[in-house]
Amino acid sequence: FCLVFFFSRICVITLAEAHPLLQSGKTIKNINYQISANCSRLQNKVSGKSKRTCLFIFQMQGAQFLTELAPLCRISSSDGEEYTIYSCIRGRLIEVNENILSNPALLQEKPSTEGYIAVVLPKFEESKSITQGLLTRKEYEEVLMKRRSSAS
């Protein structure tokens, strides 16, 4: 997974370049935000307001709280494989990308922009520790190069 962390603490969750759905040329058959019988990420309704200072401060009501291992959605490919996409961070679910339901190809064609999966807002006090645990773009590319060289 790929987490794009913005200065305002907003975190966008996308598929990483190395995700099997982006590497194997598979076709996405279905995206399902229904996690269990009682939990649908589509029912996440955030209300409130934001105030602008040097940072955006959100006052939210109704946002689902996610842990690092909370499933966001399940993606099925045409070959029968199913992939569960996890939050990867603790925070409030701001929105899910409903556009990928009607156009699943966005996940593969534009994974880091229009094909994002969800937007999460971590707690302010946890933001720094989250960003310190993430790889930079350069570090991520080095990991991918090591994987490729060890596989050959």
Side-chain angles (χ1 to χ4, degrees), residues 1-24 26 28-77 80-104 106-108 110-144 146-147:
F1 309 110
C2 177
L3 303 175
V4 181
F5 212 92
F6 292 92
F7 180 71
S8 61
R9 291 188 8 245
I10 294 287
C11 186
V12 177
I13 300 169
T14 69
L15 291 180
E17 292 173 20
H19 194 281
L21 279 168
L22 301 181
Q23 294 297 309
S24 62
K26 295 182 180 189
I28 296 173
K29 179 180 166 186
N30 181 35
I31 300 164
N32 192 352
Y33 282 111
Q34 185 75 38
I35 302 308
S36 68
N38 298 323
C39 180
S40 172
R41 301 299 181 209
L42 292 173
Q43 292 176 343
N44 186 67
K45 301 296 178 206
V46 178
S47 63
K49 57 184 175 179
S50 65
K51 296 180 180 178
R52 187 174 173 116
T53 57
C54 61
L55 291 175
F56 289 103
I57 301 171
F58 292 88
Q59 298 173 341
M60 299 178 299
Q61 296 176 332
Q64 296 174 10
F65 183 78
L66 305 171
T67 64
E68 298 93 331
L69 299 175
L72 290 171
C73 67
R74 291 188 176 83
I75 303 172
S76 302
S77 63
E81 290 286 328
E82 184 176 270
Y83 302 90
T84 301
I85 308 302
Y86 296 94
S87 171
C88 304
I89 60 170
R90 289 169 32 100
R92 299 263 176 211
L93 181 61
I94 303 299
E95 73 174 57
V96 295
N97 185 0
E98 294 185 39
N99 294 329
I100 61 175
L101 296 173
S102 59
N103 189 1
L106 286 174
L107 276 172
Q108 294 166 311
K110 299 177 180 182
S112 60
T113 57
E114 296 168 50
Y116 72 95
I117 295 165
V119 178
V120 176
L121 180 68
K123 288 184 175 182
F124 180 78
E125 54 274 6
E126 295 179 10
S127 297
K128 189 172 185 177
S129 64
I130 291 170
T131 56
Q132 289 174 338
L134 298 177
L135 297 176
T136 65
R137 178 81 175 165
K138 184 179 179 185
E139 291 168 334
Y140 175 70
E141 289 171 356
E142 289 171 359
V143 168
L144 290 181
K146 286 179 186 176
R147 281 186 191 169

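The shown structure was predicted, so the numbers you read here are calculated from the model rather than taken from an experiment.
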I'd like to know whether I28 forms a side-chain contact (heavy atoms from CB on, under 4.5 Å) with Q108, so could you lay out the CA-CA distance, the side-chain angles of the two residues, the decisive distance to 0.1 Å, and finally the verdict. CA-CA 8 Å; I28 296 173; Q108 294 166 311; 3.8 Å; yes
Please evaluate residues H19 and I85 with respect to the criterion side-chain contact (heavy atoms from CB on, under 4.5 Å), reporting the C-alpha separation (whole Å), side-chain torsions for both, the decisive distance (0.1 Å), and the verdict. CA-CA 11 Å; H19 194 281; I85 308 302; 4.0 Å; yes
Under the side-chain contact (heavy atoms from CB on, under 4.5 Å) criterion, do R92 and F65 qualify, and how do the steps go? CA-CA 5 Å; R92 299 263 176 211; F65 183 78; 3.7 Å; yes
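- Residues N99 and E114 are not in side-chain contact: their nearest non-hydrogen atoms beyond the backbone lie 4.5 Å or more apart.
- Using a 4.5 Å cut-off on side-chain heavy atoms (C-beta onward), I35 and T84 make no contact.
- In this structure, N97 CG and Y33 OH are separated by 5.5 Å, a value rounded to the nearest 0.5 Å.
- Test V120, L66, T67 against I89 for side chain to side chain contact (heavy atoms under 4.5 Å, CB included) and you get one pass: V120.
- L22 places none of its side-chain heavy atoms less than 4.5 Å from the side chain of P20.
- Counting all heavy atoms, side chain and backbone alike, S87 lies closest to I13 at O-CD1, 3.2 Å.
- Taken to the nearest 0.5 Å, the CD atom of E98 stands 9.0 Å off from the CD atom of E95.
- Within the 4.5 Å cutoff, side-chain heavy atoms of L93 are placed close to those of L72.
- Rounding to the nearest 0.5 Å gives a distance of 12.5 Å between SG of C73 and CD of Q34.
- Between the OG atom in S40 and the CG atom in N32 there is a gap of 7.5 Å [rounded to 0.5 Å].
- Contact record, G115 with L107: O-CD2, 3.1 Å, taken as the closest heavy-atom pair.
- A donor atom on one side chain and an acceptor atom on the other are found under 3.5 Å apart for R41 and Q64.
- Taking 4.5 Å as the limit, every side-chain heavy atom of I117 sits out of range of all side-chain heavy atoms of T14.
- Of all heavy-atom pairs between Y83 and S77, the closest is CE1-OG, 4.3 Å.
- One distance of note links SG of C88 with CG of L69; it measures 8.5 Å at 0.5 Å rounding.
- In this structure, E82 and N30 have side chains that are not in contact, with every pair of non-hydrogen atoms separated by 4.5 Å or more.
- For the atom pair E81 CD and L21 CG, the distance stands at 9.0 Å (nearest 0.5 Å).
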